[in-house]
Amino acid sequence: QVQLVESGGGLVQAGGSLRLSCAASGLAFSIWTMAWFRQAAGKEREFVGHISPGGVTTTYTDSVQGRFTISRDNTKNMVYLQMRSLKPEDAAVYYCAATRGRPLDISRYAYWGQGTQVTVSS
C-alpha cells in the first residue's frame with residue numbers, strides 16, 4: 001500500500017530553520033506531483049507549495065515564497081521542505097501529499113501523510 005511518512009517537525013525559535021522530510025513508498029514516485037500542505041489549529045488546510053514529478057517546477061504560496069524551498073530525490077523516493085526565517089504564523093501540522101492532477105486542486109490529492117507538527121516560539 002502507499003505510504004507517505006513525514007518527519008523532521010519540532011519546536012524552533014522564530015527566525016530559525018527546520019527541514020521536513022517525506023518518505024514515499026508503494027507508488028511510482030517519479031511520476032507523481034508532490035506537495036506540502038499545513039493546517040494550523042482552528043484553520044483550514046492550506047497549500048504551501050508543490051514540486052513537479054521531475055523536480056523542475058516548484059510553486060509556493062505567497063506567505064512562504066523566498067523562505068521555504070521544496071526539493072525531491074526521486075532515487076530515494078523522498079521530498080523535502082526546507083523552511084527558513086520561520087515565523088510564529090508558520091506553526092502548524094505539515095502534511096506531504098501526492099497528486100496526478102493540478103497542484104492547487106486539493107480534491108485531486110490521492111495520498112496524504114499523517115503530518116508532522118511544527119511549533120514556532122516567538
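By the side chain to side chain donor-acceptor pair (under 3.5 Å) test, Thr75 is found to be paired with Asp73, residues two or more places apart in sequence or in another chain being considered.
Between the CZ atom in Arg100 and the CG atom in Leu27 there is a gap of 9.5 Å [rounded to 0.5 Å]. To the nearest 0.5 angstrom, Leu18 atom CG is 8.0 Å from Gln82 atom CD. Between the CD atom of Gln3 and the SG atom of Cys22 there is a distance of 10.5 Å, given to the nearest 0.5 Å. Interatomic distance, OG1 of Thr116 versus CH2 of Trp36, reported as 7.5 Å (0.5 Å rounding). Atom OG1 in Thr59 sits 7.0 Å away from atom CD1 in Ile70 (nearest 0.5 Å).
Grouped by direct or indirect side-chain proximity (heavy atoms under 4.5 Å, Ile/Leu/Val/Met/Phe/Trp/Tyr only), Met78 sits with Tyr80.
At least one donor-acceptor pair closer than 3.5 Å links the side chain of Asn74 to the backbone N or O of Pro53. Using modelled atom types, no side-chain atom of Gln114 and backbone atom of Val5 make a donor-acceptor pair closer than 3.5 Å. Thr99 places no side-chain N or O within 3.5 Å of a backbone atom of Pro103 that could act as its donor or acceptor partner.
Criterion: ILVMFWY side-chain heavy atoms under 4.5 Å apart, direct or through other members. Under it, Ile106 and Ile51 are not part of a common hydrophobic cluster. Transitive grouping of hydrophobic side chains (ILVMFWY, heavy atoms separated by less than 4.5 Å) keeps Leu20 and Leu11 in distinct clusters.
Scanning all heavy atoms of the two residues, the minimum distance from Ser52 to Arg72 falls at O-NH1, 2.9 Å. Across all non-hydrogen atoms, the minimal contact from Glu6 to Gly113 is OE2-CA, 3.2 Å.
Pairs passing the side-chain hydrogen bond (donor to acceptor under 3.5 Å, both in side chains) check and including a residue from residues 7-34, sequence neighbours excluded, do not occur. Within the structure, salt bridge (charged side-chain N to carboxylate O under 4.0 Å, His left out) contacts touching residues 109-122 (residues at least two apart or in different chains) do not occur. Applying the ring-ring contact (aromatic ring centres under 6.0 Å, His included) rule to pairs touching residues 39-66 yields Phe37-Phe47, sequence neighbours excluded. Here side-chain hydrogen bond (donor to acceptor under 3.5 Å, both in side chains) pairs that include residues 102-112, with residues two or more places apart or in two chains, are Asp105-Ser107. Here disulfide bond (SG atoms under 2.5 Å apart) pairs that include residues 32-95, with residues two or more places apart or in two chains, number zero.
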Worked check of side chain to side chain contact (heavy atoms under 4.5 Å, CB included) between Val64 and Met83: CA-CA 8 Å; Val64 310; Met83 303 184 292; over 6 Å; no
Give the table of side-chain donor-acceptor pairs shorter than 3.5 Å for residues 89-96, with sequence neighbours excluded, one pair per line with atom names and distance.
from, atom 1, to, atom 2, distance (Å)
Asp90, OD1, Arg38, NH1, 2.9
Asp90, OD1, Arg67, NH2, 3.0
Asp90, OD2, Arg67, NH1, 2.8
Asp90, OD2, Arg67, NH2, 3.3
Asp90, OD2, Lys87, N, 2.8
Tyr94, OH, Arg38, NH1, 2.9
Tyr94, OH, Asp90, O, 2.6

